[in-house]
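One structure is given here, and the rest of the page talks about it.
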Amino acid sequence: MPELPDVESFRNYAQATSLHQRIADLSVSDAYVLTHVTEKDLQRALPGTCFESTLRHGKNLFLHTDSGVWLRLHFGMTGFPKYFKNLDDCPKYERVLFNFENGYHLAYVCQRKLGEIGLEDSPEEFARKRGLGPDALKIEREEFLELLRRKRGMLKTSLMDQGFLAGIGNIYADEILFQCRLHPATRADSLDDEMRAEMFEVTKRVLQTAVDCNADLLRLPESFLLPHRSEGQECPRCGTELVREKVGQRSAYYCPSCQSE
DNA sequence: CTAGATGTTAAGGT
DNA sequence: CACCTTAACATCTA
């Protein structure tokens with residue numbers, strides 16, 4: 001689930017539900033998801049504060065507290081936030097629970113525990129330390145072209161490289177390449193600037209469309225690859241059966257007829 | 001039982 | 001240095 005559009009929908013969700021309420025206390029039911037912090041650190045930093053604003057960089061969601069510290073949530077492959085009132089409604093695989101003074105709760109849910117929770121001085125500092133590239137929705141054309149000129153590996157791998165561009169994962173990489181009509185294994189250094197510019201436009205359009213659909217793949221236009229991205233389905237453009245193939249260790253779906261090398 | 005699933009990193013090799 | 005592959009992490013489902 002959680003690539004850039006999903007995390008953006010989580011940001012909107014947290015923004016709408018979880019700001020301006022004092023955190024009474026919190027509980028950590030599985031410390032495995034904590035990175036570079038202990039439960040004690042969270043207990044010291046958060047109770048008594050309020051989340052005041054939200055920010056997203058790539059696949060990371062940041063909540064800024066009124067004490068100045070930033071809570072960082074990363075969702076791995078299976079994570080999401082859930083806000084609710086009655087503890088009976090607490091979702092399965094809840095790993096950390098924030099309890100607000102108004103009686104509501106915000107759960108960090110993560111079945112596979114590949115997500116991360118941390119405390120950061122700032123999103124910018126975190127992005128620098130972690131070596132993240134610019135956010136894929138905020139980057140501007142010239143910088144995109146400049147960074148893409150330096151890539152030499154396969155396009156799919158390049159798009160998913162968080163150090164190049166932060167936010168694109170396995171399935172949106174497939175969508176972008178489908179709309180560019182490029183085979184996922186095409187080498188990045190075989191593109192000319194015209195193709196790079198095309199890839200910039202497509203990347204922006206795909207991500208913005210997905211954000212507008214609240215990252216619900218079934219609400220994407222029929223002409224997109226993603227609603228059809230499964231075994232035995234057909235290309236929405238030409239009807240050819242889609243191919244699944246390992247590219248850079250991940251499953252790539254593409255149309256063998258539309259997407260040339 | 002096995003393979004694969006929207007993520008990331010470490011380690012080793014070319 | 002840039003890139004590639006593999007393995008690993010935890011857990012569930014087809």
Side-chain angles (χ1 to χ4, degrees), chain A residues 1-11 28-36 56-61 72-81 91-96 108-118 126-127 129-133 135-137 147-178 184-191 203 206-207 209-211 213-220 224-233 242-254:
Chain A
M1 215 197 219
E3 297 186 32
L4 185 152
D6 310 275
V7 179
E8 182 64 13
S9 79
F10 298 161
R11 190 188 67 73
V28 175
S29 27
D30 195 324
Y32 185 86
V33 297
L34 305 185
T35 51
H36 304 127
R56 183 192 54 70
H57 186 105
K59 302 171 188 173
N60 291 278
L61 172 60
R72 178 179 68 91
L73 304 176
H74 184 284
F75 298 94
M77 290 214 235
T78 55
F80 59 92
K92 208 173 169 187
Y93 310 115
E94 165 266 311
R95 308 299 181 189
V96 176
Y108 171 83
V109 186
C110 195
Q111 183 201 109
R112 284 172 64 187
K113 299 199 277 192
L114 296 177
E116 301 178 347
I117 291 185
F126 171 77
K129 267 194 325 207
R130 188 59 72 92
L132 295 181
D135 182 80
L137 256 192
L147 291 175
L148 187 52
R149 284 188 196 108
R150 297 184 207 158
K151 301 298 278 184
R152 274 178 285 157
M154 295 182 282
L155 281 178
K156 170 148 172 129
T157 310
S158 300
L159 283 172
M160 292 170 60
D161 178 358
Q162 303 299 297
F164 158 59
L165 203 55
I168 298 170
N170 198 33
I171 70 173
Y172 285 97
D174 279 359
E175 183 67 53
I176 291 164
L177 292 167
F178 173 73
T186 307
R187 318 302 301 197
D189 55 4
S190 72
L191 300 185
T203 297
V206 164
L207 294 177
T209 303
V211 165
C213 292
N214 224 15
D216 181 347
L217 301 185
L218 299 176
R219 290 165 71 185
L220 290 173
F224 276 41
L225 170 74
L226 289 181
H228 313 276
R229 189 185 181 276
S230 56
E231 214 77 65
Q233 296 253 67
L242 298 174
V243 168
R244 187 182 80 175
E245 184 178 301
K246 287 278 182 206
V247 175
Q249 307 311 117
R250 306 299 301 277
S251 281
Y253 283 80
Y254 67 95

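Note on naming: letters A, B, ... go to the chains in the order of the sequence lines (proteins, then strands), and numbering restarts at 1 for each one. Just the heavy atoms: all of them, side chains too, but no hydrogens, waters or symmetry mates, feed the values below.
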(message) If you compare all heavy atoms of A:L165 against all heavy atoms of A:A136, which two are closest, and at what distance to 0.1 Å?
(response) CG-CB, 3.7 Å

Per [X] side chain, nearest of listed nucleotides [options]:
X	options	answer
A:K59	C:dA10, C:dC3, B:dT8	B:dT8
A:S251	B:dA5, C:dC9, B:dT8	B:dA5
A:R95	B:dG7, C:dC3, C:dT11	C:dT11
A:H74	C:dC12, B:dG7, C:dT5	B:dG7
A:Y32	C:dT11, C:dA2, C:dA10	C:dA10

Grab the [atom1]-[atom2] distance between [X] and [N] for me, whole Å please.
X	N	atom1	atom2	result
A:M160	C:dC3	CE	C1'	15 Å
A:R130	B:dT9	CZ	P	5 Å
A:M154	C:dC3	CE	P	11 Å
A:R150	C:dC1	CZ	P	14 Å
A:E94	C:dA10	CD	P	19 Å
A:R112	B:dG4	CZ	P	13 Å
A:I171	B:dA5	CD1	P	12 Å
A:E3	B:dG7	CD	C1'	9 Å

(message) Against A:D174, only a single residue in A:V247, A:L225, A:L159 fulfils side-chain contact (heavy atoms from CB on, under 4.5 Å); can you say which?
(response) A:L225

Any [X] side-chain N or O less than 4.0 Å from OP1/OP2 of [N]:
X	N	value
A:R250	B:dG7	yes
A:R187	C:dA2	no
A:K113	C:dT11	yes
A:Q249	C:dT6	yes
A:K246	B:dA5	yes

(message) For A:Y93 and A:L114, find the nucleotide of DNA chain C closest to each by heavy atoms; which residue's nucleotide sits nearer the 5' end?
(response) A:L114

Quick one: does [X]'s side chain have a donor or acceptor within less than 3.5 Å of a partner on [Y]'s backbone?
X	Y	result
A:R56	A:G58	yes
A:Y172	A:M160	no
A:E116	A:H74	no
A:Q111	A:Y93	no

(request) Could you tell me whether A:E116 contacts a base, only the sugar-phosphate backbone, or nothing, with contacts defined as non-hydrogen atoms closer than 4.0 Å? (result) nothing

(message) Using Watson-Crick or G-U wobble geometry with both distances under 3.5 Å, which nucleotide pairs with C:dC9?
(response) B:dG7

(message) Distance check, C1' atoms only: C:dC4 and B:dA5, in whole angstrom units.
(response) 22 Å

